[in-house]
Every structure is written in C-alpha cells, then in structure tokens.
Amino acid sequence: MRSTGNNLITKTLPDMVVRYSLLTVLLLATVGLAYGQARQITGSVTEESTGFPLPGVNIQIQGTMTGTITGIDGTYSLQASTGNVLVFSFVGYVNQEITVAGQNVIDVALAEDVELLEEVVVVGYGTQRRANVTGSAERVVAEEANVGLISSPEQLIQGRVAGVNIIQNGGEPGAPVTVRIRGGTSISASNQPLYVIDGVPIDNSSSSPGGAGDADSGAKNPLVFLNPNDIESIDILKDASASAIYGSRGANGVILITTKQGRAGQVQVDYDAYVSTSSFIKDLPLLTASQYRAFVETQGLPTVNLGNADTDWQDVITRNALSHQHNLAFGGGTTATQYRASLSYLNQEGIIIGSALERVSGRINVNHKAFNDKLRLDTRLTGSFFNDDRTPNPETGGFEGGLLTNVMKYNPTLPVRNADGTFYEIPGQTSVRNPLALVEQVEDFNKTTRLLGSFKVDYEFVPGLIGTVNIGMDRQQASRRVFVPQANPLRSAVGGEAIQGNNELSSQLAEIYGNYNRTFNEAHNVGITGGYSFQGFTTEGFNASAQGFVSDVFSYNNLGAGTSNTFSLGSFKQKSRLISFFGRLNYDYQGRYIVSASLRRDGSSRFGADQKWGIFPAVTLGWRLSDEGFMQGIETINDLKLRVGWGITGSQEIGNLRSLPIFSASGSAVLGNAEVSGVAPTNFATPDLKWEETTQVNIGLDFGLWSDRVYGSIEYYIKNTDDLLLEFDVPQPAAVPTRLANAGKMENTGIDFVLNARILDRSDLSLELGATFNANSNEITDLGGRTQIFTGSVSGAGLSAINAQIITPGEPFGTFWGPTFLGFCGVDADQNAAACQGLPQGSQAFEIDADGNRVLGIIGNAQPDFQYGLTANLTYKDFDFSFFLRGEQGRDLLNNTALEYTSKNLVNTNVNFLEEALNDPSPLAEAPVYSSRWVQDASFLRMENVTLGYSFSNITALSGAVGTIRRARIYVAANNLFILTSYDGFDPEANTTASSSVGNIPILSLGIDYTNYPRPRTFTAGIQLGF
Amino acid sequence: MNALKTSPRTWIVGMLALALLAPLAVMLQGCTNLDEDTFGVITPDQFFRTEAEIIAALAPVYAQLRNGMWGFHNLSEHTSDEAMVPVRGTDWDDGGQWRQLLQQTWTPIHPDVNGSWVDAFTGVARANVVLENLANADVPDKAGIEAELRFLRAFYYWQLMDFFGGVPIVTTAATDPDNPPAQAERTEVFDFIEGELVAIRDILPVASADNGRLAGGAQFGRATQGAADALLAKIYLNAEVYTESARWQDAIDASDRLLNSGVYSLAPDYFDNFRVSNHTSPEIIFSVGHLAKGGLGLSFIMRSLHYNQIPQTPWNGFMTLAEVFNSFDDADARKNMFLVGQMYAQPNQGCIGNECFSDPNSGALEDRVGNPLIFTPEVFDPNGNPVTGTPIGVNETSGVRVLKWEIDPQRVDGDNGNEYAFFRLGEIYLTKAEALNELGRTSEAIDLINVVRERAFEPDQPLSAGDYNQQSLRERILMERRYELIWEATRRQDQIRMGTFTDAWEFKAPTESFRNLFPIPQTQIDANPSLTQNPGY
C-alpha cells in the first residue's frame, strides 16, 4: 500500500511524498506507543459525490488526543478499541462519527458540506452566517452566475440580484458596464459601487490614456482584468446597514468578490473552454442603393454623386465574430496548505471589424495554517495582461462623427474600394469618411497590465479572537498607441496624427483588525470586529502626440518625425489617501433576536480642510419569527425573519484637489508674436467640501416555505442622499467661474423582491425557478437653490447646444425635457392650427405658446418603473437546461440616431438616411428637431441566456480512455437570443455618455442612444473537464 | 477566562506576530496626514515671486481676449445687420441660438450671453488676483505691469458695460459666494473705466515704431498708451449710450493723441491688417495675438468657408447678408474680402478674399451633393426657391462668405496665426470724423473719412463736402464704418449709437429698444441674487 502510494506520488508531486510519509510515520509511531493494546483499524475515506479518495482527512478518537490523517490515496490506519468513536472531519465536508464495533476495516464516504458554503456570506472585514444577516446582502455563487461569452465580473450577476441594475453600455469587447444599486445617488460624482476583491478595495477608474478625439472609442471597463472563471462568489451589499462598514465609499453599495481557493485533497485539474460566435442582431433600415438612387432622381436633385455600387455599409464593417476562451486551473493541498493556480486566455472579437479584446490572466491563491491552526496565512496574486484593439467610434458625435455615424451617412451607391483596390473616398471631402477605411486605417491599441495581490495573516489569540493583518497592492499600467494616417480623410488635413500615452494607477492597502466571536450560555452569540485601515492611491501618466508626418510609415513609433508646432505633451500625477477606523458589533439570542451595529470613521485627503473626517454609523435588528413559539404550529413556514436596518454611507468620488486653491498651467497667451505659458487659478477653494451622504432605511422579510421548497425575500427601502455635489457658478468676477459644493438632495425608494422555488426535486428530474423584481422611484428633492440643471447633450449636425434632459427638484434623474411633437401638419395635425401656421404641409408640428415659441416640458423618463428577471434551471438525468429572461418596463430612451437620420434633407448633403423618412410627410428641406417624437418607449424583455448542457455520468468509462476524469460537461449557450421591444434602435439598453458640464465636472445623463456599438447575439459551445 | 488557559506558546507566537507588526505600524504612522499632495499644480503660496511667474500669471489675463473671439465676437456681429447663420439643411439649427441672435429674440439662457459675461469677468478676476499678489513680487517694472493689468481690467469692464449695462465693480481678488458683490450703475462702470484709463495711461509704455510692436517685438499684443487712448476714444464715442451724456470732444482728443503720436499710420494695403503677417502692420493699436498652434489660433476661416474648400473641413456657417454685399461699391478694394460665385480649388498658400478659390484652371469645386459650389448673395432652399421670413431650410451654397482674414498656410487644423485687431488706426479716423460731425464740423469730418477711403479706391473716390449735411453724413459714417470695419465687432455698437439696432432688415422684424442691452445671464442671477435683470427680460 505504502509503495503504491509512493509510486503514484513520485510521478506527480515528489515534494509531497516526503511530507506525507514523514507525517504518517510520526503519527503512527505516537499512536503505537500510546495504545499498544488496541487493535489496528484500516480503511479509506472517499468523497461521497465522486467516490474519489480524500487525503488529509482528520480521524480522531473522540475524547482523546489520539488520531491520524488519511494519506494521499485516502487510506488510513490507526489503533482503536471497540466502543471508541472515530470522528472523521475535513474542512468543507460534513463530519461523520462511527463507533468501532467488531470491524477491522472502516470505509467512510464524506459528504460535501453544501450548507456550510451557502450559509456564510462575506461582509466587510469578516464573514457572517447567512441566517444572521440583517442588512440587505445577496450572494451569487459561481454556479448560479451567468454563462456564455463573459469577459468581466459584473456580467456574471447581470439581472441576478433584485435592485442591482447592470447595463452593458455597448457591444464592443470590454465596453464599460453601468452598475446602479437601488438607483443612483449622485448626479455629478460616481454612481458605481465600490468593488472589493478578496478584501482589497480597488480603484475602478479607467487606466486607459486618451485617444484621438473624434477618432477615439468609448471608455473601457477596468474590471475586465479579472477572469470571471476565478470567481467563487460575489456578495452584493445593497443597503447602508450592510455597506456602512465601508463608510465614505459605501453609498452606491459594495460588491465583494471572492476568488476560488484550493481545497485540501488530491490535486484537481480543471479545464474549461468555449468558443463563441457573435453577430449583429439587427440592422437599422437605411436606404439601399436603389432606394437612394430612386429618391435622388425623383426629387430632381443632382445625380453626379451617385455611384454604381450597391453597398450595405452596415454589412461591410460587421462580421460574425469568433471568440474563444481557455481556462486551466489546478488546486489541492493538505489540511494545512491549500493552493489553486489558474491561467486563462481570452480572445474576443467584436462584431465590428477591428475591435477586439485579448486577455491573458493568471492567478495563484495559497493559504496555510500553522500552530494548531491558530495562524493562518492567505496570499492571493493575480496578474492580467489585456490588449484592446479599438475602433474609431466615439460615443458622442458632432458634425463628422466616428465609425457608426459614417456608416449611417455614407452614400450607399458609392463603392468600398476603387478599381485599384485602394479605399474609395469622396473626392474633395473630408467630412464624410469611408467607414471601412476608418476601421482599417486607424490604428488604436491599448495594452494594460494589472497586478493585484494581497497577503493576509490571521492569528487566533484565544478561541474566538482572531487578529488580522491584511496587506494589499494593486497596480495597473496602460499604454495607448494611436495612429491616424494622412491617407485617411480624418487626419489628411493635418498630415496624419500619432499618439502615445502611458498611465499608471496604483494603490496600497494596509489593515489591522480583530474579530471576536463567542457564545455565552449556548444562547448569546456575540461578535465584535474592530480595526484600522489605510489606503493610498496614486495616478500618474504621460502622453504625447504629433501631427504632420511626411510619411505614414513613421506611424506612432516616431513621434519626433511629426511637425514640431503640432507637438502636444502632457503629464500628471495625483495622490489620495483614506484612513479609517471601523468597528462592528453583532449579537443574537439563539439566532432569534439579532442586533448588529457598525461604525466607521473615515478620513479622506480629498475632503476640505474643515471636513477631513466623517462618521458612518449603521444599526440593524432582526427577528426570526419562525423560531417563536407561536409559529411552531405553522408547518408551511419553516423560516421567517423580519429585519430592519438603518445606516449612513458616503461617496467620496469628488476627485482630487477639489477643495484647495489651485493654480495650473492654463491660459497661455500670444504676446510679442510668441507663446507665453500661463498659470491661472483653476480651482476655487472650498475648505468645507465633503462626501455625498446617503441615509438608508431597509425593511426586509426573509421567508422559507415547505422546507425551503419556496424561499425568498421582500424588502422595502428608502435612500436619502444629502450634500449632493454640484458645481455652482461663483458670483462674478471670479478667477474660477464655478465651484464645487455640497448642496442637493436626492431620494430613492423601492421594493426588492426575490422568489425561488424548487418545483421538482427528484434525483433524475429537478426544476428550479427564480424571480427577481425591483421597483425603484427616484426623485431629486433639492438642488441647493438651483431650479434646473440641463444635461444629455444631443448629438448630430445642427443639434449643438441642445440638452435633452433636465435635473429639477420634484422629478427623477433622467427626465427628458423638450418640445412635444403633435404630428405632421396637414396629416395628423391641423394645417390651420397655430402650431402649423406658416409651415409647409407635412412639417413637424410642436406644441407652441402664445408667442409662437415651442413649449418645453417633461416628455419622458429614462428610469424604468420596474425591472425583473426570471430564471429556470431544469435537470433531467444527465442533461441540464436553463434560461434567463430579463426585462425592464416603463422606461424611455432618446433615439438620437433616428433623430438625426430620419431626415430626407440629408440627401442634400450626399448623406444617407433611415427608410422611415421616406414615409414621413415632412418637406425635403426640414432640419431635424429634438422633440418627444424621439423619446421612445424602450421597455424590453430580453432572453439573456439559454443553456443546454450534458454531464457525463459514466465517468469511469471515459476515464479509461483519457486518464482519470472527475467531471465532464459539454454545453451550448445562446446569449441575447431575442429581445422583445417596440424600440427601433439597435438596442433598448444603450447608454451613450451625453454628459453636459458645468465648470469642471460632468453632469451625468441616462438613457440616450447615439450610434452605439450594438450588443451582439452570441452562440457559445463549451466544455468543462475535471481531472 | 479562556485566555488564562491558553498555553504560553500561543502568547509567545502572538507577541512575535505583534512584534512583526510594529514596523508596519511605524510605516503607517507616517500616513496619518490627510493633507492633499499637489503634483504638477501650484498653490498660491508657491507663486507670484519672480518676474517670470508674474508674466505667467499675466498671460491668462490676456488669454481671455482670445476667448472673446467666440462669445464677444458672435454677440457683436450676429446681432447686427452684417452677419448671420442660416439653418443649412440639417446643419446649424443648434436649438435656434443663431436665429435668436439674428432676430434679436435671445433670452437670459443664450449660451453666448453667459459665455461673454464669464469670459470678461474671468479676465477681471484674474487681473485682480495678479494685482493683489504683485506687491510682494520681485519684479523690476512693477508699475508697468500694474498699469497693464489695470488696462486689461478696464478693457473687460468696457465689454461688460457695453453688453450688460451696470455690473458689479470689484477690484479685490477675494470672492465670497455668500457675500456676492453689488451691481453698479452703468455710469459708475463708465466712470470707473475712464478713471482707470486716465490714471494709467502715462505709465503704460509707448509702442515704438522700430523695435516695439512693428517688428513683432515684445510689446506686440500688450497694452500700450495707444491702447489706452483707443479705448478712451471708444468709450467717449459711445458715451451718450453709456451715460446719456455725449463726450465728443474727449473722443476727438483721444483720437488725436493716436493720430499725432507718430507711432501709428495706415497700412498701405487695407488687407495688411488681416494677413498672417499683420503683426507688422503699422496700423494696429491693440490686438489679440494668435499662433498657428492648437488652441492658440484664430478660427475665423473655419466659420465661413464651405466644407469642401479646405481640407480642414470648415463649418459652412457664417455669411453676410445680400444687402450688405450689394452695398459695397464694386470699385472698393475692400469688396474683395467677399467670396461669391463659383469657387475653384485653392492650393495651400496664403490668400485673402477673392484672391482665393478664383483660379478656373484649378478645377471647379462642388458642394456635398454635387452641385457646383456657387455662393449666392441671396438665400435659397435646396430646390432653388428663395427663402424668406426665417432662414431655415437653406441650401449649403447660399450666402456671401467673408474671407477678410488670410488663410494661414501654416495653420494647424483650424488654428490660424493672424492677429485680431480690437483697435486700429483706420477706425480712429472714422471715430474722430463722427465726433467732429456731431460737433457740427462736418467738412473736417469728411476729410478724415476720405483718408480712409483713399486707400480703398483706385482711382480715389473722395466724398464731397457739398453732398452732406450733418444728418446725412451721420448715415454715411455708419455706411463707411461698415465698409471699413465689417466683421470687426463694432457693428452692434455702431447701430445702437446711430439708433438702427432695433430696426427691421432682411430676416429680422423690428425689435424693442430694450434689446440694446443683453440680459444678465440667468445662471449669473442665480449665483448672485443681488443682480437686477435688465428691463424687458
């Protein structure tokens, strides 16, 4: 037996041989000395679900110090007497006790402790039994998360958690994701939650240096660095009572990500891979070449610009994109040391030519216990390298616009290429650009390296008292390379443009905290947490650009070859610090009455001199009604818990250096016919500047019915945000025209509802259904004396200086504001009505006042009345089938694309337009007008995912062929399979950045769709293998 | 209690662990400071020490002049009868902001109204900051710099007084949002400007004809005695509008100081004042400098030219009205600034007006739809029908374009290196002429007008004294100012002074006289509730 084991091990892990052999010999010797009179018991311990041998299982004779552990092959032997009770224990498995009778061989199969895994949720600076959680916290474990072509962690939980609204801003690989937990709390600072990865709060700002202005693409998602396959679980702290332990960063909720750890036992190797194909889900109905030609001819317009080609520009720039991902992970260990290492490779093509994301990510997690398990070391390190290949598709477009704008515009009768193979461009014009030439000729790459590591030491001083030191570091380095050749009309006038930029974002974390958990009199459970945290952030960067290259060959590799008066240089550095003291007290009486209170005192370098420190308290109460005597008779209800929470959180995302009087290099003048660099005041001193503060009340009821066949929760919350940061105009004269101040107020109220049901629960057939529902109502209650702030800049030619949204007290954020469209004069509006007076027949009619001016008013809202998700998981024998539907109801979207391109007038500028305009009675010369006509209902129901999988149950048969296989599953999945909506644009969930700005900060907008990179439909086939 | 039972070893290990934490604690102790680090920016205590630093702080005061090339210029021109931006196809509707300027229906939220207020007041505030810090600085010519700053502050106050009437007069740097400054009467602002200019005039340097401004030396673009006199001439010329009390003789005296200075003279060629090399023009008294460099250039050519005329894709917006174009005498050399008729391709070289785009051998340009690019004085829709009433639905070739400032062959994108003259001697002749005429010295006035006309006509076409009385010469002066100063941001003022600003003209109905002042921007009233909105708004 011993030799067999040795042979096996020698082949795989030679170092472990020594360890196990020595350990076993030592233990056996000890046992042999002490209990010479007892007899030898042998046996093996296996995992119940797989039958695999479990090494490192602790076997102890109850009430003694005598015991042993299993070897690498899961076998053991020890001396025991009849009547002894052997306790088999192993982390992550249910303990088993077996009384020694007459037998000499005792084989045991340990069951995985599923409940244990589920029951603990991660809260800040510790864990808590799920049953005792009284704040609003939800957990999504890897098995329940979304599947398919997923490149970033937020996509795992999209639609899975009530009250967490996640929008993918576009379909470009690595596109940013808008996450709103229970509505937004800010109109000018961040609304994104705090992300904490394995205890390290991360800086989630984008590291990408800037690109080439009108040839730039939209922002990118910084979380792409984290391989979703490394994630064990995601905990979402929704309300203030849960997130107040994160103080000045908790106002928008906290997302705690825990990565997978190794488990004691035999080495497990997992290989997961998939291949996906993505395609354009919908074409916008632009005129075809023949329609365009016919229109020009019937209107009697000049035909010189008509070509002979028939080009579908949407088709030309899109493709069926192929993506694939491979994950290889191995893990294992002993009871003392566990490790897991993974390597993943993702290659994601975008459905628009020239856009792609490539990522190589590796992770090592190791933990070790020593000194009778009193000392626990835990280190985690991830390194991620990703490259973005970007398309010249800026989010907002003015006159010329980017790729998709030109796709809309480009005359369909014109060819893609000339006879000689070069790109066709309209002679003498630079304002309209051949879309394919744009994607092929403009080079734009961003390379990012990110390292995130943490090292944690726990030491249990006395039972229940654990002291922890947690050190974390995060560093991302990004370098951007852009080249727009002079061959392309975009920069032909300036002789090409090349850009290089490098940014580095880093943070360091040091925390010391203690947790003390004790039960008194078997009824009073007390938990105390207290600690100190320091985190520092540094951002620095360098960028340079040049124009005027003699040759395109120089590209971005020799900026000095450009013309010197076009050189542009920049560099910057910023630092910020957070110092915090925090504490939490948990108490419960038999799990029936639960009290939790937390307090954090945060100091931030960003706050003004008079407001450096803030205090963020929270209190929750829980009452497990189902444990009360009066509930005992009710068989149906097995669990019922009422909880009430209150807390204050903050948002410190006000940017650096906003409270100090600052002079910057600004305001250069030309004096004596030469440039004189200027230094001017650029920030108004506001020593009382502080965080935005959100007070939240949460009332929840958790329930389990029919032995948890049906379970869920319902919650009601009120979130009041005070001290909203707003930029105010300073009374003039003022060297800095605006200042940041804490003024406005906003309120969110809503209901979260979660319901899960195990409809069928048989061994060969099971069906689980789940539903989430959130209705949130948002209202701006105060703007610090201002009556209105406009945002939502409308894009498009002739649409400058128009804002589509108003922020005003009494109305929600995302309120659309503009003229009301009445119909077409002489068609659905009376030609003799005042609104049509003096207008040609067919003109758009708008509501007007007595003076003939268009009446501006509220014409929609971008926030949904409610949102919901439905999941179903069905297993039948070896097959599993699941789908996930997600919808939002009662939301509006400004179809800015249709606003600009539903105009026949465009033909007068040699520009294509949407087919709808042909049916529209408006006269040829009419210019587009922003109105309620383009604020469209964008309610939708999306089939987010459908998956069909097959797991090979007859593993042993397979094992013979390819070694030892632990698990094998193949699956096919479809993402974004269909979407039911009346919305006309590419996608009802578009969210183009259309901020307006007052002074230095943007005023956010919501619900504007302008030539957004569309979300694709994706089919995935994958395999999951475990060895 | 449990603690007592714990083995000594546990405590030893625990203590060891704590000992290991000690260095960490020391490291963290250095990090309890929450003062913000400033990198790459300056705090006030680190600045205003050397002359170079003072000059660097002076530059942003001047930089606001460049900002005025948008808001100040738009409000001065597009509200008058000599410029407009029609809605061309789908372009330039922009929420009606251009129409509001043309038809004088602007509101207190018009972007250029607020922009002009902020641009000018930022200049005032920046000047105040430097003035206050100048005392402790180590600067040789402190008095000169102080005079320069006070001139600039007066210049910005003149723009504010001209546009908005009464505004707060502030000469200190501190700004307290809770105690906003009170609004002064328009006459008080006038007195303040006049007092400042008189006080500093003699301290300012005299522009020298050799190594000063003419050679493009260090003074060019900076305040001089000439600039102070020109601004004085300007406020005296309009004194009746500003204060209801005319100051014609003062206008004459200020003009004379310039005309007799020996520093300034009319440039031989009118267009020398607008070429890229215009910093060598002996005529320019005060200008804002530009360079062919990103953010430092003049973008006038972009505003007017058609998309297809130069590779930088101009904006095809600004034009002058048919009536203005037609009012120019064909023999007037200044008429060459207009682009009209068929446009031809233009090699990338410096040129002004119809010197450009005029060589038939270079190939006819087309508009975007393929029509010949023919600029027409009248305004048409895409089907060729005249547009009347409100200029919307206009085709892209309508309108005479103004190419008064030379296309800079070295331009970077839309940034051209031409200076923009706020004051030049040509205007001073007409200013003095107008003041003389108002004082009944009509024939002296005509002589001065003829000096300016002489340069524009070959052969000379002088006005004859016998043809004009005081009133008819007044009207003539308004025309002569158009010919000489079109698109130089004097038209609104001239029309207000002559009483024609609220009259009707093509595409514009008569408006009420309160339009002679712009409204106080709504955002500024919100910021400073002590401001009183101008009547009528």
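Below, chains carry the letters A, B, ... as their sequence lines are ordered, and counting in each starts from 1. The shown structure was predicted, so the numbers you read here are calculated from the model rather than taken from an experiment. Only this structure's heavy atoms are used, side chains among them; waters, hydrogens and symmetry mates stay out.
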Would you mind checking which part of Glu675(A) comes under 4.5 Å of any heavy atom in chain B, side chain (CB onward), backbone (N, CA, C, O), both or neither?
both
Less than 3.5 Å apart, any donor N or O on the side chain of Glu727(A) or Thr738(A) sitting next to an acceptor on the other?
yes
Where do Glu497(A) and Arg491(A) land on the salt bridge (charged side-chain N to carboxylate O under 4.0 Å, His left out) test, with the steps shown first?
CA-CA 7 Å; Glu497(A) 182 176 37; Arg491(A) 291 291 186 272; 2.7 Å; yes
Heavy-atom distances under 4.5 Å only: say whether Ser668(A) touches chain B with side chain, backbone, both or neither.
both
Side chain, backbone, both or neither: which part of Val730(A) has a non-hydrogen atom closer than 4.5 Å to chain B?
both
For Val296(A), which atoms come within 4.5 Å of any heavy atom of chain B: side chain, backbone, both, or neither?
neither
At a 4.5 Å cut-off on heavy atoms, which part of Thr563(A) comes close to chain B: side chain, backbone, both, or neither?
neither
Under 3.5 Å, is there a donor-acceptor pair between the Arg368(B) and Asn316(B) side chains?
no
Is it the backbone or the side chain of Ile802(A) that comes under 4.5 Å from a heavy atom of chain B, or both, or neither?
side chain
Using non-hydrogen atoms and a 4.5 Å limit, figure out which bit of Trp98(B) sits close to chain A: side chain, backbone, both or neither.
neither
Can a cation-pi geometry be assigned to Arg577(A) and Phe537(A), taking NZ or CZ under 6.0 Å from the six-membered ring centre and within 45° of the ring axis?
no
Chain B interface, residue from Thr566(A), Asn908(A), Leu301(A), Thr303(A) that has the most non-hydrogen pairs under 4.5 Å:
Asn908(A)
Honestly, the part of Val118(B) sitting under 4.5 Å from a heavy atom of chain A is both
Between Glu396(B) and His306(B), is there a side-chain donor-acceptor contact under 3.5 Å, judged purely by atom types and distance?
yes
Is a donor from one side chain sitting under 3.5 angstrom from an acceptor on the other, for Gln524(B) and Asn114(B)?
yes
Please classify the contact between Asp367(B) and chain A as side chain, backbone, both or neither, with a heavy-atom cut-off of under 4.5 Å.
backbone
Examine whether an atom of Gln547(A) lies under 4.5 Å from a heavy atom of chain B, and if so say whether it belongs to the side chain, the backbone or both; otherwise answer neither.
side chain
Side chain from CB out, backbone as N, CA, C, O: work out which of these in Leu296(B) comes under 4.5 Å of a heavy atom of chain A, or both, or neither.
both
Phe607(A) portion near chain B, given a 4.5 angstrom heavy-atom threshold:
neither
For residues Tyr307(B) and Asp91(B), is any side-chain donor paired with an opposing acceptor at under 3.5 Å?
yes
Contact winner vs chain B - Val676(A), Val304(A), Leu660(A), Asn905(A), heavy-atom pairs under 4.5 Å
Asn905(A)
For residues Thr43(B) and Asp45(B), is any side-chain donor paired with an opposing acceptor at under 3.5 Å?
yes
Under 4.5 Å to a heavy atom of chain A? For Gln64(B) that would be neither
